[in-house]
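What follows is a single structure, written as structure tokens, with notes after it.
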Amino acid sequence: MATMLVPTATHDAGKFASSLVADMRGAPSVALSDLFPGHGPPSPKPARSQVIVGPNGLGTSAARPIGTRHGESVPIPRAEPATITGPKGLGTSAARLIGGLHPHHAPKAAPEQGESVTVDQELLDRVGLSQLGASAAWVSPHQPDTPELFCPGPVRDDPALGQLVNDQLVAWAGEMGIYPGQLDHLRKCDFGRLMMLTHPATNDPDRLLAAAKVVIAEWASDDYYLDEEKFGADPATAAARYGLLYGIVDPVALPVRYAPQVDKHLEDDAIARAFRSGMEHLAKYTTTAQMARFQHQMAILFTTLDQNASWRLTKEQPAVWHYLVHRQHNSYLPPMILVDSIAGYELSPQEFYNPGVRRAVLMVGLAAVLLNDLYSASKESDDDISLPEAIIAEEKCTHREAIARTVEIHNELMQMFVAEAAVLSAAGSPALRRFFTDLWAWCGGSRQWHATTLRYHSDDAKRTNDKTQHADSTA
Ligand SMILES: CC(C)=CCC/C(C)=C(\C)COP(=O)(O)OP(=O)(O)O
């Protein structure tokens, strides 16, 4: 049976957003504590006290059919080319908002080290996100040495829907020929459940399947081109393969003489085939602009996967800031920015590409994928490139300290996202507020999946936990 884990305030997207953002109680913090053997934070209060089983169409008041104009929306002011808001001075360039916001609405400066983000409560009240600033009960008061993730739990859990999507996904993967001989494992990883958890705004299995196909094609390319040598992955050839793959994601238009070779490539390469099929399915639910932004995000993803391949070849452990720049784009943004397409509304390109919105989206995208760095350590090889590993190399600290620092960085990004999303919501359309809310929900669903999926919790996990303990005891 489907369960909504937060109230569904269908008539007021603002209230819905605030309840969503304010409620951390569904978050599976106990699973995070596994990363800190012997130092688990207390179990969260069950979210079920707030369970409302009921109507579909989360926050539907803010939703519009795909492709309609936002006639009644409050447009974000046009970017003034010369407008630079935010902090100035050395080391602050990354924190500036360039254009797109009235200076009055600009979030305060990014926090200094050790400082927490402050949000404008009056503003939050005005945009209907009153509880948002009060939601930061994110450091476990009982275990001060054990940081708590500032990340919600899942909004909806509908195991039957997840299973339906998973079954269809695995069948499709078999047809495409991806994950040959691995379909049982693929089924157990339960990417259908990931889709059900991350897109609570729709119950339509076909929409979820469309999103699932491209996600699994992305993962397959990561596994088979870059990560898993046992599957033929090779950093030396990864960039060349990603280059060809992008010609499928953003279909190339070749001279007649050469076009058949692309068809042949589609016959030969299961991942290319999977992308072609997945993109066709996705196109059922995207406007031209939504598809274009997805292709753009994929181009960025492939570029950073090439960057990753180059680090593997040179055996370089990136500096922490290099890694963060890399991971901001080698992130979950491709699936995350589909939240409106899959839910059946459209955030306009003007708002999507507004620099302030882009900044907020980049922050939440990085935070979401850092969660992967926390949970996926169990399956990664010894020469893994991840934030904890980069921190260990740079700061000469223990694995435990590096994990704690990673959580802190994640939390800072999430807090900044919340603060800036609130400010932007004040000036933006209802669709923008909904988009931020849906991204937040995506993070909650993703967290749940990472905490439980067999992809990161197989027998191999024990081997790595042993490795973790060893690293701690020898540090
Ligand atoms: C879903 C998606 C955007 C996939 C492409 C890249 C990718 C697999 C990630 C961003 C996830 O990170 P990572 O490569 O570390 O994933 P695994 O831990 O190997 O599952």
Trp440 and Phe150: CA distance, side-chain angles, deciding distance, ring pair (Phe, Tyr, Trp, His ring centres under 6.0 Å) verdict: CA-CA 11 Å; Trp440 185 254; Phe150 182 67; 5.8 Å; yes
Stepwise side-chain contact (heavy atoms from CB on, under 4.5 Å) test for Thr198 and Val339: CA-CA 8 Å; Thr198 49; Val339 287; over 6 Å; no
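Between Ile342 and Leu282 the shortest side-chain heavy-atom distance falls below 4.5 Å. Residues Val214 and Met279 meet the side-chain proximity criterion, which asks for heavy atoms closer than 4.5 Å.
Note that Arg293 lies in the cation-pi zone of Phe352, set by a 6.0 Å cut-off to the ring centre and a 45° limit from the axis.
A donor-acceptor pair under 3.5 Å links the side-chain atoms of Arg273 to the main chain of Met176, judged by distance alone. Side chain of Thr406 to backbone of Leu387: no donor-acceptor contact under 3.5 angstrom is found. Of the possible polar contacts, one joining the Asn166 side chain to the Arg187 backbone as a donor-acceptor pair under 3.5 Å is found.
Ring-plane geometry between Tyr224 and Tyr179 is classed as perpendicular, the angle between the planes exceeding 60 degrees on a 0 to 90 degree scale with a lower cut at 30. The aromatic rings of Tyr456 and His450 sit parallel, their planes meeting at an angle under 30°, below the 60° perpendicular limit.
Under 4.0 Å is where a charged nitrogen must lie from a carboxylate oxygen, and between Asp223 and Lys230 no such pair does. Between Arg433 and Asp438 there is no salt bridge, since none of the side-chain N atoms of the basic residue sits less than 4.0 Å from a carboxylate O of the acidic one. Salt bridge annotation for Lys188-Asp184: absent, with no cationic side-chain nitrogen under 4.0 angstrom from a carboxylate oxygen.
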